[in-house]
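Predicted, not measured: the structure shown is a model, and the values here were computed from it. Lettering follows sequence order; numbering is per chain, from 1.
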Amino acid sequence: MLDINFIRDNTETVLKGMKDKGESDLSLVDRVLEVDETWRSLVTKVDNLRAESNRKAKTIGELMSQGKKDEAQKIIKATSESKNEIKKLEEELDEFSRKRDDLLLRIPNVPHDSVPVGSTEEENTVFAEWGDIEEEGWRKPHWELADEHHWIDFERGVKVTGAGFPFYVGPLAKLQRALINFFIDEADQQGYRELQAPYFVNEESARGTGQIPDKEDMMYVIPRDGFYTIPTAEVPVTNFHRDEIFREDDLPVRYVAYTPCWRREAGSYGKDVRGLNRLHQFDKVELVKIVHPSSSYDELESLREYAESLLKKLELPYRTLLMCTGDMGFTQSKKYDLEVWSPGQKRWLEVSSCSNFTDFQARRMQLRYKNEKGKIEILHTLNGSGLALPRVVAALLETYQQEDGKVAVPIVLQSYMGSKWL
RNA sequence: GGAGAGGUGGCUGAGUGGUCGAAAGCGCUCCCCUGCUAAGGGAGUAUACCCCGAAACGGGUAUCGAGGGUUCGAAUCCCUCCCUCUCCGCCA
């Protein structure tokens with residue numbers, strides 16, 4: 001959510017940002033400004049009326065304690081009339097503040113100046129590339145390999161739960177456990193504090209990070225208890241500090257959390273979703289930062305570099321994309337995607353997405369800090385995957401396979417696996 | 001799940017219908033004093049929003065778990081919900 005005052009003072013910037021992000025309804029801005037103006041004039045009116053009735057109530061109190069009941073009675077009569085007027089105006093006030101917030105929630109975050117303007121994924125720019133990519137060759141896709149070794153059981157997953165809920169079997173189950181530990185240990189060394197988070201969240205939390213009302217359909221719902229299963233650890237972890245005020249000295253705050261993630265992925269079928277490419281349940285190690293507004297773009301770069309370092313250590317070729325305005329998403333101001341090369345499928349797979357939300361999430365969540373002058377300001381939030389497991393596993397199986405069908409273990413994982421071969 | 005008690009400012013805790021945004025203590029910040037240390041004295045110390053103003057300051061409104069109600073007036077009374085604690089039940 002943007003600050004209404006920011007929109008008032010920087011209307012052109014907001015409009016340009018919306019245009020660049022491909023938002024079709026630019027009239028939102030005019031409407032929100034109009035509604036806000038009405039709201040503010042109503043506030044003034046209501047506040048004045050309430051002030052008057054407070055004054056009268058006080059007078060009545062004084063008269064009563066002096067025993068002047070008749071005089072008090074006179075004022076009571078007069079006051080009860082203005083009560084109705086206040087009530088009516090209060091209802092109107094509520095209506096307008098709701099309207100204003102509705103509109104406000106539909107205005108996207110403003111892209112940073114360094115973000116390329118574009119409308120489709122073709123206009124993302126390649127920010128970095130690492131490793132040699134094999135565009136031809138004998139390598140099998142991971143689902144064939146996994147099938148041969150009976151490492152992933154999709155069929156039984158369908159039987160037990162449904163499509164997109166596979167079992168990982170034997171060495172592959174262990175490999176996932178190894179990756180999770182490796183990712184968390186690496187983050188821990190970089191100063192991220194480990195958090196084990198709830199897998200269900202309530203409605204306020206889903207609203208805080210913006211899954212509601214925007215992306216409600218991505219989550220599974222537990223209606224009886226009013227919970228949502230988390231689509232990413234970002235939701236519980238960022239909400240960890242919701243409604244809190246930090247001391248400036250305590251910043252920045254960095255967390256790492258491993259959780260399963262659940263996504264309904266409604267309507268996605270076909271070859272893009274084969275094997276481990278897209279699942280309803282998957283594991284992810286997520287990084288979250290809560291930082292001083294002045295440092296969020298630096299923190300984004302270090303977040304990106306950190307995520308890249310994981311792929312380097314696993315020796316998996318990757319590229320980093322700087323997402324263009326149109327491909328970036330509603331809440332972000334700048335975003336990098338890391339894509340790992342899948343030599344069996346001859347395509348890139350997204351394994352991490354590192355984003356700066358500036359104050360957009362933090363405002364909705366009332367994540368704030370007190371600066372040196374004692375003034376309260378909104379913080380900035382960032383997050384990034386470090387990393388999402390299934391596609392890393394896919395790329396790893398395909399990259400480390402040998403011609404005889406065996407699969408080697410990356411050097412950094414060998415101590416976790418206790419072996420050199422899967 | 002059943003029975004009972006309770007939710008007040010950074011913390012402890014007073015306040016059961018009238019000048020309470022809230023006593024007191026602790027903590028924290030600033031100042032003074034004391035030639036170190038300890039102690040002492042003074043001032044300040046919630047959040048959001050509106051109005052005025054360049055700003056400082058000022059004026060106002062709302063908030064005592066959340067929402068609704070009664071009343072001229074609610075932290076205080078009533079209703080609903082949430083949460084915490086104690087006992088019982090159940091249980092990894």
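- Residues Thr232(A) and Asn383(A) are not in side-chain contact: their nearest non-hydrogen atoms beyond the backbone lie 4.5 Å or more apart.
- When distances run from any side-chain atom of Thr79(A) to the nucleotides C72(B), C50(B), A62(B), the shortest one goes to C72(B).
- Figure legend. A23(B) is base-paired to no nucleotide; pairs are counted as Watson-Crick or G-U wobble with both atom distances under 3.5 Å.
- For Ile376(A), taking side-chain heavy atoms from C-beta onward, the closest of the listed nucleotides C51(B), U47(B), G69(B) is U47(B).
- Taking every side-chain heavy atom of Ile60(A) into account, G18(B) is the closest of G18(B), C49(B), U61(B).
- Atom CG in Asp249(A) sits roughly 11 Å away from atom P in U29(B) (whole-Å rounding).
- Pair assignment for A92(B) gives none, since no Watson-Crick or G-U wobble pairing has each distance under 3.5 Å.
- Which of U61(B), C51(B), C72(B) sits closest to the side chain of Thr44(A) comes down to C51(B).
- Look at C72(B): its Watson-Crick or wobble partner, with both distances under 3.5 angstrom, is G18(B).
- Remark: the separation of the P atoms in C26(B) and G21(B) is 25 Å, to the nearest Å.
- Side chain of Val43(A), nearest nucleotide from C72(B), C49(B), A62(B): C49(B).
- Distance from the side chain of Lys83(A) is smallest for C72(B) among the nucleotides C72(B), U61(B), U19(B).
- Within 4.0 Å of Lys45(A), counting heavy atoms only, lies no atom of the nucleic acid at all.
- Closest heavy-atom contact between Asn356(A) and Leu300(A): N-CD1, 3.9 Å.
- A cation-pi arrangement, defined by a distance under 6.0 Å to the six-membered ring centre and an angle within 45 degrees of its axis, is present between Arg304(A) and Tyr336(A).
- Remark: U84(B) base-pairs with A5(B); criterion is Watson-Crick or G-U wobble with both hydrogen-bond distances under 3.5 Å.
- One can place CD1 of Ile86(A) at 9 Å from P of G73(B), the figure rounded to the nearest angstrom.
- Checking Asp47(A) against Met64(A), the closest nucleotide of RNA chain B that is more toward the 5' end is the one next to Met64(A).
- Between Ala57(A) and Asp94(A), it is Ala57(A) whose nearest contact on RNA chain B lies nearer the 5' terminus.
- Screening His241(A), Lys289(A), Glu286(A) against Tyr255(A) for a side-chain hydrogen bond (donor to acceptor under 3.5 Å, both in side chains) leaves a single residue, His241(A).
- Comparing G60(B), G69(B), G18(B) against the side chain of Ala51(A) picks out G60(B) as the nearest.
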query: Between Glu248(A) and His292(A), is a side-chain hydrogen bond (donor to acceptor under 3.5 Å, both in side chains) present by the stated rule, with each step listed?
result: CA-CA 8 Å; Glu248(A) 203 164 4; His292(A) 193 280; 3.2 Å; yes

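- Across all strands shown, A46(B) forms a Watson-Crick or G-U wobble pair with U63(B), both key distances being under 3.5 Å.
- When the C1' atom is compared between G15(B) and C20(B), the two are found 9 Å apart, to the nearest whole Å.
- Whole-Å rounding puts the Leu93(A) CG to C50(B) P distance at 11 Å.
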